[in-house]
Novice: 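Right, I'll just put the structure down here and ask away after.
All of these numbers come straight from a predicted model, not from anything done at the bench.
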There are 2 protein chains.
Amino acid sequence: MVNMADVARLAGVSMATASRALSDHPHVAPATRARVLDAAAELAYVVSPEASRLAGGVTDRIAVVVPHLSRWFFGALLDGLESVLREADKDLLIYHVGDAADRKSFFERLPARRKVDAVVVLGMPIARPERERLEMMGVHIVAAGGQIEPYPFVSIDDMVAGRQAVNHLLFLGHRRIAMIATNDPGQPGWPIRAGRSRAYHAALADAGLPADPDLAVTVPWGGAAGAEAMAELLSLREPPTAVYAHSDEVALGAIRTIRRAGLRVPEDISVIGIDDHPLAELTDLTTVAQPVRDQGALAGQVVLGLLSGAATDPGITMATRLVVRGSTGPPRVA
Amino acid sequence: MVNMADVARLAGVSMATASRALSDHPHVAPATRARVLDAAAELAYVVSPEASRLAGGVTDRIAVVVPHLSRWFFGALLDGLESVLREADKDLLIYHVGDAADRKSFFERLPARRKVDAVVVLGMPIARPERERLEMMGVHIVAAGGQIEPYPFVSIDDMVAGRQAVNHLLFLGHRRIAMIATNDPGQPGWPIRAGRSRAYHAALADAGLPADPDLAVTVPWGGAAGAEAMAELLSLREPPTAVYAHSDEVALGAIRTIRRAGLRVPEDISVIGIDDHPLAELTDLTTVAQPVRDQGALAGQVVLGLLSGAATDPGITMATRLVVRGSTGPPRVA
DNA sequence: GGGGATACTGGAACCGTTTCCACGACTAAG
DNA sequence: CTTAGTCGTGGAAACGGTTCCAGTATCCCC
């Protein structure tokens, strides 16, 4: 494999000069730089990242910790993140912690240790002891699509999003509103999106409606689970006239159950989700949209800022907005 | 930062021995190994991957080239791949080539060069000159979720999948069958999933049906595009009674247009997709299922095999199967 | 008890850069 | 025409391991 010494020799300079020329340092005569660059091109030379980093210190690599690779939400986050980090010539290392076992081993072994300059955690809460492990890595930590207490984050305000959704249903005149909340099947016991639940209770209370525990069900994330949750709601003595789901996939599952039961959406039951999944538009689902890809991209910028030593916002909260489509409407007059 | 010399000193051995003990080499006395391991644990020592690789040669890193991060198909592929590669303690470097510009720059700059031991290309065709660039990296190349000529791959047979879909429609009695094919909006000019188109033409020909060019439309991938394509089909003098879409998302878009036009699925028009997207079940879409996550996982095993020097299958083709749901049925008797 | 093989261990070269320090050549100021 | 600075360049010391080679101690067997 051709190395920098070869390039230096061909260009007729010392390695020190070759190194400076190649990494764009000042104090290199333009003519010399050109000679080195030509030599490098001729030999099809690329610096060895290993060697370069051994000597230099930085890795130009960022770890991304993601709980679900095949969900749209995380894919979009990753997409945004990747786009700005690639622009800055950083490499992305993916660490997938799908279930409790993955999670345990990730935080115990810290496989990213010494391999990256920063860690971005995607939409995933983290416990105190885990945080401490993470800090052992001694690198910057950023959260995207969620918040982790003391670190900078880019996220939406789940409380606001939830209220937008529930308020819409209230505004339409619904009084019996159910909620399908989700927990993460792979990470039992993790309070996922607690703000979305609090928003529900708060909005109902503000509207002077009684809290009916039967109307709030919690299921694992996913369309199938949403369908089952809806079946449960339909089996109540007095089913809801509207359903607020924590995410669009869950909402779609609920809709399917409603239709199978011979009821119509929104005439018999209204359904609203959160996210604005690409398929929400196709399925005519009313939802609260959040800018997912942008959250990822912004998180990338935060990382870059941190790396360059600039002071950074402690947190960026992005706006969500209600997108009214065909799955919500006024309740039937009883 | 604590380094191996510190560990060696604390354990009272030479660096050579420390290195061997830490990397599980033979010819280290058990007692010595234990002392070294204890010392390492006490100092919370981790080897520097940079140094280790500089000296050792391998990087234990695999590059993944993926055209779309936020599509379910690629996410699932990635998921499977990651799961087996993580098991083997490999790190995954993500390279997203979303559009023509990304693509150009990726193959020109070869940013993964010298950084990885292998490259996995996910569901993406590659041109001859690009292949040559890739080979300059001098590492193993594997394709998953698609094929790239001379390299090992893990994929389905698009021709078979397509025929399963079209045959189902034929079996139901349809004679006027449309196809919505897709191309990649980010990669203009790329023949995507050509097998799925060939299957369509072949199946119709086998059934003795005339080829009507109006019935085969090609649009960019996505639900919205599927919706538009369907509109086009509905504007024909004699619209199809069944539609074969190259992917589920596209099929869902088509269904939406059909419904908006006041027609019913499957009574008026049947729709079939390919993939078995998680939402296909929720939306009651008939489709041809393919094991996406498994393709990724298998590709991971192929990479591992290649890395260990074992001879590998030139290609693995996985089975697809028709999943009949509610979006297909016999045509109305005219 | 002697000889050869075997199990451990240490010394030191090497992997390919980056960067500190020193040095000569010019330039601009006095 | 000195003198203090710049600018451009080279020498060489890290950076943190891996591994070849060689040396010593131990072991087995005849």
Novice: Who pairs with B/F74 by ring pair (Phe, Tyr, Trp, His ring centres under 6.0 Å), at least two apart in sequence or on another chain?
Specialist: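 For B/F74 the ring pair (Phe, Tyr, Trp, His ring centres under 6.0 Å) partners, ignoring immediate neighbours, are B/H68.
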Novice: What pairs meet the side chain to side chain donor-acceptor pair (under 3.5 Å) rule with one or both residues in residues 129-149 of chain A, with sequence neighbours excluded?
Specialist: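 Output for this query lists A/R103-A/E130, A/E135-A/Y151.
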Novice: Please list, chain by chain and in numerical order, all residues satisfying ring pair (Phe, Tyr, Trp, His ring centres under 6.0 Å) with B/W221, sequence neighbours excluded.
Specialist: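 Here no residue qualifies.
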Novice: With salt bridge (charged side-chain N to carboxylate O under 4.0 Å, His left out) as the rule and sequence neighbours excluded, what pairs involving residues 293-307 of chain A come up?
Specialist: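 For residues 293-307 of chain A: A/D79-A/R293.
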Novice: Quick check for you: name the first and last nucleotides of DNA chain D, 5' to 3', having an atom under 4.0 Å from a heavy atom of chain B.
Specialist: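 Under 4.0 Å from chain B, the extent on DNA chain D is D/dG16 to D/dC20.
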Novice: Kindly state each residue pair satisfying side chain to side chain donor-acceptor pair (under 3.5 Å) with at least one member in residues 20-31 of chain B, sequence neighbours excluded.
Specialist: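 Residue pairs with at least one partner in residues 20-31 of chain B: there are none.
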Novice: Kindly state each residue pair satisfying side chain to side chain donor-acceptor pair (under 3.5 Å) with at least one member in residues 34-53 of chain A, sequence neighbours excluded.
Specialist: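 Side chain to side chain donor-acceptor pair (under 3.5 Å) check on residues 34-53 of chain A returns A/E50-B/R61.
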Novice: Five pairs at each end of the helix from C/dG1-D/dC30 to C/dG30-D/dC1: take the axis at both ends and give me the angle between them to 10°.
Specialist: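 End-to-end axis angle for the helix from C/dG1-D/dC30 to C/dG30-D/dC1: 30°, rounded to 10°.
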Novice: Please identify each residue that fulfils side-chain hydrogen bond (donor to acceptor under 3.5 Å, both in side chains) with B/T59, with sequence neighbours left out.
Specialist: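 Counting only residues at least two positions away or on another chain, B/T59 forms a side-chain hydrogen bond (donor to acceptor under 3.5 Å, both in side chains) with B/D117.
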Novice: Any chance you could lay out the salt bridge (charged side-chain N to carboxylate O under 4.0 Å, His left out) test for B/K115 and B/D91, step after step, and finish with the verdict?
Specialist: CA-CA 11 Å; B/K115 293 182 187 166; B/D91 286 313; over 6 Å; no
Novice: If the condition is salt bridge (Lys or Arg N to Asp or Glu O under 4.0 Å), which residues does B/R193 pass it with, not counting sequence neighbours?
Specialist: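 Result, salt bridge (Lys or Arg N to Asp or Glu O under 4.0 Å) vs B/R193: B/D158.
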Novice: Heavy atoms under 4.0 Å is the rule here; annotate nucleotides 14-21 of chain C 5' to 3' with B where the base is hit, S where only the sugar-phosphate is, and - elsewhere.
Specialist: -BBBBBB-
Novice: Write out all pairs satisfying ring-ring contact (aromatic ring centres under 6.0 Å, His included) with one or both partners inside residues 87-126 of chain A, taking only residues at least two apart or from two chains.
Specialist: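 Sorted pair list: A/Y95-A/F106.
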